[in-house]
Number of protein chains: 2
Amino acid sequence: MKKTILVFTLLIVSLYTLFRVSKYSLILGETSIEFIIITIAVIFFIIGVYINKKSLHKSRNISEEINHQKIKEMEITSREYEVLQAISKGLSNKEIAEKLFLSESTIKTHVSNLLVKLNAKRRTQAIQIAKDHKIL
Amino acid sequence: MKKTILVFTLLIVSLYTLFRVSKYSLILGETSIEFIIITIAVIFFIIGVYINKKSLHKSRNISEEINHQKIKEMEITSREYEVLQAISKGLSNKEIAEKLFLSESTIKTHVSNLLVKLNAKRRTQAIQIAKDHKIL
DNA sequence: ACAGGCTTCATACTAAAGTACCAAATATCT
DNA sequence: AGATATTTGGTACTTTAGTATGAAGCCTGT
C-alpha cells in the first residue's frame, strides 16, 4: 500500500516536472518537440514495466500461497496438517513419528484420517490433491 | 519473434503518428501541450505494461520448465520417466501398470531403478527430489 | 553378428502403508 | 462443569511398496 502511494506520488511529480520542462523548452526554443515526446515515452514505458513487474510479482506469490481457508473447509486439524507436510517431504511414517516425538500408530491414524478428508487412496495421491487445492 | 517485430513496428508507427499529430496541433493551436504529453504518457505506459507482461510470462514458464538435461544426467530412461510422472500423479503400481499396458512386476522394476537413480528411499521422496531437480 | 543398454516379466521375499476398531488423556468452547 | 473435538496410542489385519535375482526379447551402434 505504502509503495503504491509512493509510486503514484512520483508519477504525479514527474508528470508536473515534465510539463514545466517542456513548456520552458518550447518557449526558449532550445529543445525540439520530438525530444520531449521521446523522453516522455521512454520514462512512462519504464514506469509501466516497473509497476507491472511489481504487481505481477505480488499476484504470483498470492497464487502460490497456502489456502488456509480450504484447510478449514476440509476439516484438516493442525496436527494432521503437520503430518501432511511431512508426507509431502517424502518422509515415512516412522520418520514422521520420530520428528514429532509420537508413535508410529499415531501417525498412521493421522494419515488414515487425512486420506479420508482429502479423498485420496494413497499418500502420493494426497500430495497431489493437496497441491491442487493449494493446501501445500 | 513475429510478435516482437509486430510490437516494435506498431511502436514506431504510433511514435511517428504522435509526431505528426502533435506538430499539427501546435501549429493550429487547438490542442494544449499538456494533453499531448498525457496521451503519450498513457500510451507508452500501456505499452510498457503489455511488453513486460509478455516477457515475464515467458521467463516464468522457462523457470518452471522441465530440465531435460538433468534427466539425461541422472540416466533416467524414457520409460522410467513415464513411471515417475505417473507416481507424481498419485497412482499405485497397479494403476500405472494398467495405464501403460504393462505388468505390475515391470512397474516395480522401473520404480526400484528410479529410486536408486534419484537416491530416494520411497516414492514420495522421489517426487520431492525430482521436483527439486526440476525434473517434474 | 554381437555387445550392451532398455524393456519386459516372474518369483519370493521383507518392509512399509493403510484399515478397522477401540480406548483414554487433553483441549476447547459454551 | 459438561459436551465436543483433538490428540495420542494400541492390536490385528490386509494391501501396497520395495528388494533381490534371474531371464528373455528388442533395439542400437560397431
Problem - Salt bridge A:Glu73-A:Lys117, side-chain N to carboxylate O under 4.0 Å - result: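 Result for this pair is no, no salt bridge flagged.
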
From [atom1] of [X] over to [atom2] of [N], roughly how many Å is that when rounded to an integer?
{"X": "A:Glu75", "N": "D:dT6", "atom1": "CD", "atom2": "P", "value": "7 Å"}
{"X": "B:Glu80", "N": "C:dG5", "atom1": "CD", "atom2": "C1'", "value": "11 Å"}
{"X": "A:Tyr81", "N": "D:dA5", "atom1": "OH", "atom2": "P", "value": "23 Å"}
{"X": "A:Arg79", "N": "C:dT26", "atom1": "CZ", "atom2": "C1'", "value": "13 Å"}
{"X": "B:Ile96", "N": "C:dC9", "atom1": "CD1", "atom2": "P", "value": "14 Å"}
{"X": "B:Ile107", "N": "C:dC9", "atom1": "CD1", "atom2": "P", "value": "8 Å"}
{"X": "A:Leu100", "N": "D:dT7", "atom1": "CG", "atom2": "C1'", "value": "12 Å"}
{"X": "B:Phe101", "N": "C:dT7", "atom1": "CZ", "atom2": "P", "value": "18 Å"}

Any side-chain N or O of [X] less than 4.0 Å from the OP1 or OP2 oxygen of [N]?
{"X": "A:Ser105", "N": "D:dG10", "value": "yes"}
{"X": "A:Thr106", "N": "D:dG9", "value": "yes"}
{"X": "A:Ser78", "N": "D:dT7", "value": "yes"}
{"X": "A:Thr77", "N": "D:dT7", "value": "yes"}
{"X": "B:His110", "N": "C:dT8", "value": "yes"}

Handout entry: Neighbour count above 12 (heavy atom, 6.0 Å) for A:Asp132 CG
Key =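 Yes.
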
Practice task
Please step through salt bridge (charged side-chain N to carboxylate O under 4.0 Å, His left out) for the pair A:Glu95 and A:Lys89, ending with a clear verdict.
Solution key: CA-CA 11 Å; A:Glu95 285 169 343; A:Lys89 284 174 187 164; over 6 Å; no

Fill in the blank from the handout: The contact string for nucleotides 13-30 of chain D, one letter per nucleotide 5' to 3', using protein heavy atoms under 4.0 Å with B, S and - for base, sugar-phosphate only and none, comes out as ----BBB-----------

Handout entry: From OH (B:Tyr81) to CD1 (B:Ile87), nearest 0.5 Å
Key =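 Interatomic distance, B:Tyr81 OH to B:Ile87 CD1, rounded to 0.5 Å: 12.0 Å.
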
Practice task
Please determine which of B:Ile71, B:Leu136, B:Ile127 meets the side chain to side chain contact (heavy atoms under 4.5 Å, CB included) test together with B:Leu84.
Solution key: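 That would be B:Leu136.
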
Practice task
Measure from the side-chain N and O atoms of A:Glu80 to the backbone N and O of A:Thr77, and report whether any donor-acceptor pair falls under 3.5 Å.
Solution key: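 Checking the backbone N and O of A:Thr77 against the side chain of A:Glu80, a donor-acceptor pair under 3.5 Å is found.
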
Review item, side-chain donor-acceptor pairs of residues 106-113 of chain A, under 3.5 Å, at least two apart:
from	atom 1	to	atom 2	distance (Å)
A:Thr106	OG1	A:Ser103	OG	3.1
A:Thr109	OG1	A:Ser105	O	2.9
A:Asn113	ND2	A:Thr109	O	3.2

